[in-house]
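Data block below; observations after.
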Number of protein chains: 2
Amino acid sequence: MDKTASAKSTRRITEPRQGAQAIRRALAVLRILAAGREDGVPLAEVVRATGLTRPTVHRIVHVLIEEGIVERHDKTGRYAIGNQVPELALARARPSRLLIAANPSLQRASTEIGDTLFLTVRTGNDTLCVDRRIGVYPIQVLSIEVGARRPLGVSSAGVAILAAMPAQDARKIVAANEKRLEAYRTDVATVLGQVTAARRLGYGMREIGLVQGTKSISTWIKTPDGRPAAAMTVSAVRTRLGPRREQEVAEILLREARIIEQAIRG
Amino acid sequence: MDKTASAKSTRRITEPRQGAQAIRRALAVLRILAAGREDGVPLAEVVRATGLTRPTVHRIVHVLIEEGIVERHDKTGRYAIGNQVPELALARARPSRLLIAANPSLQRASTEIGDTLFLTVRTGNDTLCVDRRIGVYPIQVLSIEVGARRPLGVSSAGVAILAAMPAQDARKIVAANEKRLEAYRTDVATVLGQVTAARRLGYGMREIGLVQGTKSISTWIKTPDGRPAAAMTVSAVRTRLGPRREQEVAEILLREARIIEQAIRG
DNA sequence: GCGTTCTTGTCCATATTATGGACAAGACCG
DNA sequence: CGGTCTTGTCCATAATATGGACAAGAACGC
């Protein structure tokens with residue numbers, strides 16, 4: 001249990017285990033590929049996003065292809081998550097605790113608000129949309145689907161999650177995502193500004209959503225130990241979310257977020 | 001394109017790419033863990049099944065834990081697939097071509113036969129149950145669930161899939177699974193015997209199923225290029241599958257397997 | 001056609017990295 | 001309280017993954 005007094009920096013309790021650089025790198029590549037969904041990601045983009053050298057990424061990706069973990073689309077040359085990943089995932093058949101806990105809240109908020117609702121979790125330095133409810137109002141924001149993965153900070157859900165964690169942790173994550181923010185036309189400073197604003201407001205908000213002409217409002221959901229695990233988001237065409245309605249929607253979201261937090265404990 | 005005349009053995013066209021031993025090993029570990037489902041697998045079992053040394057497996061597994069790919073159950077000390085794997089799998093939201101193609105056949109055969117039906121795919125050296133239909137007969141074999149993963153050769157589905165491929169390939173796979181067969185109380189010779197029998201019969205069969213007192217019948221499903229991709233299985237208590245009924249059930253399964261093969265082409 | 005600038009793919013000497021034998025420590029049993 | 005399980009750790013060393021440099025193909029402009 002006692003570490004041999006490491007001459008190196010006296011960091012944290014959990015010094016990252018060494019002896020598996022290649023495995024960590026392969027996983028970093030996989031997470032970038034996952035963000036590309038079915039269409040996949042070009043090699044050069046993986047190189048940019050991971051900061052690895054091209055020969056290294058190339059080697060990793062092609063070994064993963066041989067293993068069935070990655071696929072290459074012949075037409076486009078892009079790389080994507082292969083079908084062996086869902087196969088491995090079948091080992092964990094049951095839906096997560098959060099998904100079960102959030103279900104009634106999503107249902108309730110969805111009918112009450114009428115616009116599209118998203119449940120988004122944090123996974124590493126990314127946000128991942130894990131559930132979506134389409135409202136009754138005839139104009140709906142449908143461009144974000146279950147499975148959508150983005151760097152933490154580019155969506156209102158990401159901003160909300162960052163706002164709910166210690167400022168230092170948030171800064172670290174945004175800095176780690178620096179290279180990937182360019183693709184979303186934002187940068188570290190802008191994101192951190194939005195995070196601060198969200199912290200003050202009590203919820204995350206984006207006047208200009210990722211989709212043109214939309215606006216989003218997100219509340220965070222914390223685990224019992226106080227760390228944000230997910231966010232609940234409403235997206236709608238901007239005109240439908242004026243200051244008055246924003247307040248109403250935010251209140252509903254905040255109420256349901258607290259209910260979900262209670263349900264997770266159970 | 002032209003390989004520099006390798007002084008080594010003039011093997012196949014596709015010499016396995018090198019430079020990623022660690023990644024391949026990590027994946028081998030993951031596949032073993034996947035077979036353990038939610039309960040997971042003790043470290044020693046992973047060591048046995050993969051043939052790697054214990055320090056190596058230990059290191060790999062713990063790096064994967066840090067990365068969120070693997071979880072360790074504190075009570076039992078067993079290792080299992082972590083929740084980041086389903087998260088990565090969400091990148092591929094759509095159900096597979098096979099699952100869609102097989103759906104009507106499973107429906108039809110299930111009502112016609114009345115016993116539990118399984119759809120099982122080959123993934124590497126394993127079989128993986130990807131769909132199940134419960135029949136109407138009051139006694140049903142339910143012990144095999146969607147997500148169940150076993151070495152090719154220990155289930156009737158595995159035997160069927162092996163029977164449908166060139167004998168040499170089948171031998172290679174069974175040999176690769178040698179260490180894992182012990183856990184199912186069988187061995188290379190026994191499995192190869194069953195495969196030969198299945199090849200003669202035209203379908204896979206196990207008088208003594210994995211579950212005590214059950215009997216299983218499986219037909220293989222080939223992809224357009226002639227390689228077996230999946231198997232369709234009926235399991236029932238042994239008394240319900242006498243020689244007469246075995247023949248009937250096998251005919252239905254064979255008929256539906258051919259229909260699925262056509263549907264995959266589409 | 002031919003340079004320019006993208007992209008992806010490959011080679012191989014080298015230093016960094018993963019390896020596994022040996023040891024340790026805890027759990028369970030009789 | 002020795003015997004037989006298990007999991008976890010150390011570290012010298014051999015083997016492995018690395019990345020600079022080069023190549024080849026694709027897309028575009030003129």
Side-chain angles (χ1 to χ4, degrees), chain A residues 1-8 13-29 32-33 36 39-67 70-80 182-183, chain B residues 1-8 13-29 32-33 36 39-67 70-80 182-183:
Chain A
M1 280 293 160
D2 55 334
K3 290 259 169 188
T4 45
S6 65
K8 284 187 180 178
I13 309 153
T14 42
E15 302 195 15
R17 201 170 293 258
Q18 61 169 12
Q21 190 193 60
I23 295 170
R24 278 187 213 279
R25 287 177 167 185
L27 292 173
V29 167
I32 297 301
L33 294 184
D39 290 343
V41 178
L43 189 70
E45 175 59 27
V46 181
V47 171
R48 233 168 284 140
T50 57
L52 300 171
T53 64
R54 204 161 35 67
T56 299
V57 173
H58 183 268
R59 183 167 15 86
I60 288 171
V61 153
H62 279 264
V63 168
L64 292 175
I65 288 172
E66 284 181 11
E67 296 284 338
V70 166
E71 281 172 11
R72 184 174 197 269
H73 297 350
D74 276 339
K75 304 255 173 187
T76 60
R78 283 161 168 254
Y79 298 95
E182 294 166 34
Chain B
M1 279 298 159
D2 55 334
K3 289 258 171 187
T4 44
S6 65
K8 285 185 179 179
I13 308 154
T14 43
E15 302 196 12
R17 200 171 293 259
Q18 63 168 9
Q21 188 192 61
I23 295 170
R24 281 189 212 277
R25 287 177 166 187
L27 292 173
V29 167
I32 298 301
L33 293 185
D39 290 344
V41 177
L43 190 70
E45 175 59 27
V46 181
V47 171
R48 232 169 286 140
T50 57
L52 300 171
T53 63
R54 204 161 37 68
T56 298
V57 173
H58 183 266
R59 183 166 16 86
I60 288 171
V61 153
H62 279 263
V63 168
L64 291 175
I65 288 172
E66 284 182 13
E67 295 285 337
V70 167
E71 282 173 10
R72 183 173 198 271
H73 295 127
D74 276 340
K75 304 257 172 187
T76 60
R78 283 161 169 255
Y79 297 94
E182 294 165 33

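Chain letters run A, B, ... following the sequence lines, proteins first and then strands; every chain starts at 1. In this text, all values refer to a predicted model and were calculated from it rather than measured experimentally.
- The distance between atom CD1 of Ile23(B) and atom C1' of dT16(D), rounded to the nearest whole Å, is 12 Å.
- With ring centers used as reference points, Tyr79(A) lies under 6.0 Å from His62(A).
- When rounded to the nearest whole Å, the span between CG of Leu52(B) and P of dG21(C) equals 12 Å.
- Distance CZ (Arg24(A)) to C1' (dT17(C)): 13 Å, rounded to an integer number of Å.
- Side chain of Pro55(A), nearest nucleotide from dG20(D), dA17(D), dT18(D): dG20(D).
- Distances were taken from every side-chain heavy atom of Thr53(B) (C-beta onward) to each of dG21(C), dG9(C), dG8(D); the shortest belongs to dG21(C).
- When the nucleotides dT7(C), dT6(D), dA18(C) are ranked by their closest atom to the side chain of Arg48(B), dT6(D) comes out on top.
- Between Gly36(B) and Val41(B), the shortest heavy-atom distance links the atoms CA-CG2, 3.6 Å.
- Taking side-chain N and O atoms only, Gln21(B) has a distance below 4.0 Å to OP1 or OP2 of dT19(C).
- dT7(D) atom P lies 8 Å from atom CZ of Arg72(B), rounded to whole Å.
- The closest side-chain heavy-atom distance from Thr56(A) to Arg59(A) is below 4.5 Å.
- Lys75(A) places its NZ atom 19 Å from the C1' atom of dT7(C), with the value rounded to the nearest Å.
- Along DNA chain C, the nucleotide closest to Leu43(A) and the one closest to Arg59(B) are compared, and the more 5′ of them pairs with Leu43(A).
- For the OP1/OP2 pair of dT16(D) and a distance below 4.0 Å, the side-chain nitrogens and oxygens of Arg25(A) include no atom meeting the criterion.
- Between the CD1 atom of Ile65(A) and the C1' atom of dG9(C) there is a distance of 12 Å, given to the nearest Å.
- Inter-residue side-chain proximity for Leu64(A) and Leu27(B) is flagged as met; some heavy-atom pair is nearer than 4.5 Å.
- Comparing dT7(C), dG9(C), dG20(C) by their closest approach to the side chain of His58(A) singles out dG9(C).
- No engagement by Arg78(A) is indicated, since no non-hydrogen atom pair under 4.0 Å with the nucleic acid exists.
- Where Val41(A) and Ile60(B) each meet DNA chain C at their nearest nucleotide, the meeting point lying more 5' is that of Val41(A).
- Rounded to a whole Å, the CD atom of Glu45(A) is 10 Å from the P atom of dT7(C).
- Looking at Glu45(A) and Arg78(A), no side-chain N of the basic residue comes within less than 4.0 Å of a carboxylate O on the acidic one, giving no salt bridge.
- Here the side chain of His62(B) is nearest to one of dG8(D), dT8(C), dA18(C), namely dG8(D).
- Evaluation of atom-type donor-acceptor distances gives a pair under 3.5 Å for the side chain of Arg54(A) against the base of dG9(C).
- In terms of phosphate contacts, Tyr79(A) brings no side-chain nitrogen or oxygen within less than 4.0 Å of OP1 or OP2 of dT7(C).
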